[in-house]
Structure formats: C-alpha cells, structure tokens
Amino acid sequence: MKLASREVIVRTAEKSNIPWREMTKKVLESDVYQVFERIRDPNLVYPDYYLSPFHAYDEGNLSWLAAAEAEPATMSIAKRAIPEATSIEEASQIVRGNWLNAIEEHHLKYSGNCEINDILDIGCSVGVSTRYLAEKFPSAQAVGLDLSPYFLAVAAQKEEKLSRQNPIRWVHANGEATGLPSDSFDLVSFAYVCHECPARAITGLVKEAFRVLRPGGTIALTDNSPKSKVLQELSPVLFTLMKSTEPFLDEYYMLDLEETIGQVGFVNVCSILTDPRHRTVTATVPY
C-alpha cells in the first residue's frame with residue numbers, strides 16, 4: 001500500500017509539471033554529503049516516534065531519498081491545495097502567501113507592537129518554509145531547526161547559493177528540546193509538522209515554543225484542517241493510501257490543537273482556513 005501511495009504521489013506531481021525525478025537527481029548528485037557532515041549533531045538522540053517509517057520511506061525522514069524528494073513533494077502539496085492554479089508557482093504563492101499573511105496579521109493585532117526580529121522554524125525540513133519566512137520578514141534573523149540532518153544538509157546547501165541580507169542558520173536538534181535560550185524568538189513556526197507527530201510530541205513542541213518565545217511572541221502552526229471539506233470528501237481509497245504513509249494522522253485529527261495551545265499558556269488563539277485543505281493556527285505569549 002505504501003508503494004502504491006508513493007507511486008500515486010510521484011505520478012500526480014509529474015502530471016502537474018513538477019520535475020520530481022529531475023529535482024531528486026540534482027540533489028543526489030550534488031555535494032550535499034559534505035554539508036551533512038558539518039551540520040549533523042552525532043550526539044542527538046532521536047525520539048522513538050521519529051524512527052517510524054514515513055511517506056513510504058522505511059527509514060522515514062532519515063534518508064537521502066526522503067531529503068532529495070522533499071521539495072517536489074512540497075510543491076505537490078500546494079498544487080493539490082489549489083488545483084485551479086495555472087502553475088506550480090501560482091499555487092505555492094497562494095498557499096504560502098495566505099499562511100504568511102495570517103501570521104503577519106495576528107502578530108500586528110496581538111503582539112503589542114513587538115517587531116519580528118528572530119524567527120524559529122521548527123521541523124523546517126529542506127527549508128522551503130524557512131526561506132518564505134526569511135523573505136517575508138527580511139530584517140529578521142531566521143533559524144531553521146529539524147531532526148533530520150539529511151533535510152538540513154539539503155536546506156543549507158541551497159541557502160549557500162543565495163545572497164541574503166541575513167543568512168538563515170540551520171540547527172540539528174529536537175523541536176521538543178531545542179537547547180536554544182528562553183525568551184529569544186518573536187515568531188515560532190511549524191509548517192506541516194504536527195500531522196507527522198503523535199499527540200504527546202505535539203504538546204511537547206508547543207511547550208518548547210512557549211519557552212523560547214518572548215512575551216508578545218507569536219506561534220503559528222499550519223497543517224491539514226480537520227474541518228476541510230476537501231479532505232472530508234476524499235475517496236476512501238485515497239484516504240486509506242494517505243494514512244498508510246502517515247502513522248500518526250489519526251492522533252493529529254483527534255487532538256484539539258487549539259485547546260492544547262491554550263492549555264500550554266498561549267492566549268489569543270485563532271484558527272483560520274488559509275486554503276481549502278489547510279488551517280493556520282496562531283496564538284500569543286502573554287505579557
């Protein structure tokens with residue numbers, strides 16, 4: 001079933017003109033392996049749930065193939081969310097633009113005029129979401145953090161080729177225990193992270209975000225919406241295929257994310273549908 005799901009994902013992406021195999025080959029034939037040695041923390045202990053197979057990869061996110069295919073998979077998510085878009089670029093701009101606008105509007109409304117100077121993108125994968133955040137808030141220092149050194153190596157290698165006023169810093173660490181200082185960020189983002197985690201890990205991630213955010217800081221989580229009519233109306237076959245590659249999807253859908261965020265101590269919890277498939281939940285650390 002996992003192989004069938006993977007084949008559907010790749011075939012659907014290529015039908016949408018995403019050069020999946022070409023993009024994958026380019027990463028695998030690059031010098032990304034040298035970056036990996038620089039970025040990896042050999043002492044990091046992986047949580048048990050992270051060692052599960054994900055997305056039809058037996059090694060989950062701890063493999064070169066998963067890292068090489070992450071960006072085309074991300075592009076595919078945007079096209080599935082906005083099927084009427086005339087291009088992948090248009091679909092991505094709509095999905096990411098709505099998400100970024102939700103973050104900006106929440107922060108302006110509730111932060112007490114705190115500027116966004118420091119951004120932490122937890123579960124940053126190969127850095128797609130981190131780059132969008134860095135471009136939206138160019139004066140801020142962005143940090144991308146992930147458990148997969150393979151993903152981070154791909155992210156760092158791509159960032160090295162870009163000239164940016166404030167280069168993104170990449171950190172190999174556990175999002176539930178980042179080791180970063182308390183009260184050191186104005187925005188903590190989780191983009192398409194929570195559906196890959198058991199409920200206990202989601203709670204741990206939200207608690208760590210609360211710790212590292214400054215008073216007035218914003219947490220932003222974007223992911224599948226349990227209230228999405230598009231997802232609710234998926235055919236049983238497609239839903240079963242999707243679940244076969246997402247071991248914690250049921251736990252994610254059963255968890256009241258907004259309530260969990262409020263229980264940790266956040267206030268001004270807001271949730272909006274930022275595209276037909278995804279919600280963005282934002283909240284504030286009180287003063």
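Starting from 1, each residue takes its place in the sequence as its number.
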Where F266 and A209 come nearest, the two heavy atoms and their spacing: CZ-C, 4.2 Å
Qualifying side-chain hydrogen bond (donor to acceptor under 3.5 Å, both in side chains) pairs with a residue from residues 190-205, counting only residues at least two apart or across chains: D48-R200, H55-E196, H195-D223, H195-E246
Pairwise distance OG(S76) to NZ(K15) - rounded to 0.5 angstrom: 12.0 Å
Side-chain donor-acceptor pair present, T130, D121, cut-off under 3.5 Å: yes
Check against side-chain contact (heavy atoms from CB on, under 4.5 Å), S111 and H106: CA-CA 8 Å; S111 72; H106 183 100; over 6 Å; no
Neighbour count >12 (heavy atoms, 6.0 Å) for atom CD, Q34: no
E233 bridged to K229 by N-O distance under 4.0 Å: no
4.5 Å side-chain heavy-atom contact, L28 and Y33: yes
side-chain contact (heavy atoms from CB on, under 4.5 Å) assessment of L145 paired with L180: CA-CA 10 Å; L145 182 146; L180 298 169; 4.1 Å; yes
Side-chain touch Y50/S148, heavy atoms, less than 4.5 angstrom: yes
Separation of T280 OG1 from L100 CG (nearest 0.5 Å): 9.0 Å
Ion pair R279/E258, N-O distance below 4.0 Å: yes
Over 12 non-hydrogen atoms of neighbours within 6.0 angstrom of CZ in R169: no
Those residues that, when tested against Y150, pass ring pair (Phe, Tyr, Trp, His ring centres under 6.0 Å) (two or more places apart): F36, W64
Nearest-0.5 Å distance, CZ of residue F151 to SG of residue C124: 9.5 Å
Electrostatic pair R211-E208, nearest N-O below 4.0 angstrom: yes
Within-4.5 Å side-chain heavy-atom neighbours: L147 and L44: yes
V206 side chain reached by F210 side chain, heavy atoms, under 4.5 Å: no
Stepwise side-chain contact (heavy atoms from CB on, under 4.5 Å) test for H107 and C114: CA-CA 8 Å; H107 196 76; C114 289; 4.1 Å; yes
Shortest non-hydrogen contact from V126 toward R131: O-NH1, 3.3 Å
Beyond-backbone contact of R21 with E14, side-chain heavy atoms, under 4.5 angstrom: yes
Nearest-0.5 Å distance that lies between atom OG1 in T222 and atom CZ in R277: 13.0 Å
Close side-chain approach of P149 to L62, heavy-atom, < 4.5 Å: yes
side-chain contact (heavy atoms from CB on, under 4.5 Å) evaluation trace for H278 with N224: CA-CA 4 Å; H278 304 112; N224 294 347; 3.4 Å; yes
Candidates L221, T178, V193 - the one meeting side chain to side chain contact (heavy atoms under 4.5 Å, CB included) with L205: V193
Residue pair Q93, E89: steps toward the side-chain hydrogen bond (donor to acceptor under 3.5 Å, both in side chains) verdict: CA-CA 6 Å; Q93 287 301 324; E89 291 74 20; over 6 Å; no
Y252 reachable from L231 in the ILVMFWY side-chain graph, under 4.5 Å edges: yes
Value rounded to 0.5 Å, distance of CZ in R214 from OG in S184: 6.5 Å
Contact check, side chains of Y132 and S92, non-hydrogen atoms, under 4.5 Å: yes
N61 vs D146 side-chain heavy atoms within contact, under 4.5 Å: no
Residues which pass side chain to side chain donor-acceptor pair (under 3.5 Å) with E251, listed by chain and number, not counting sequence neighbours: none
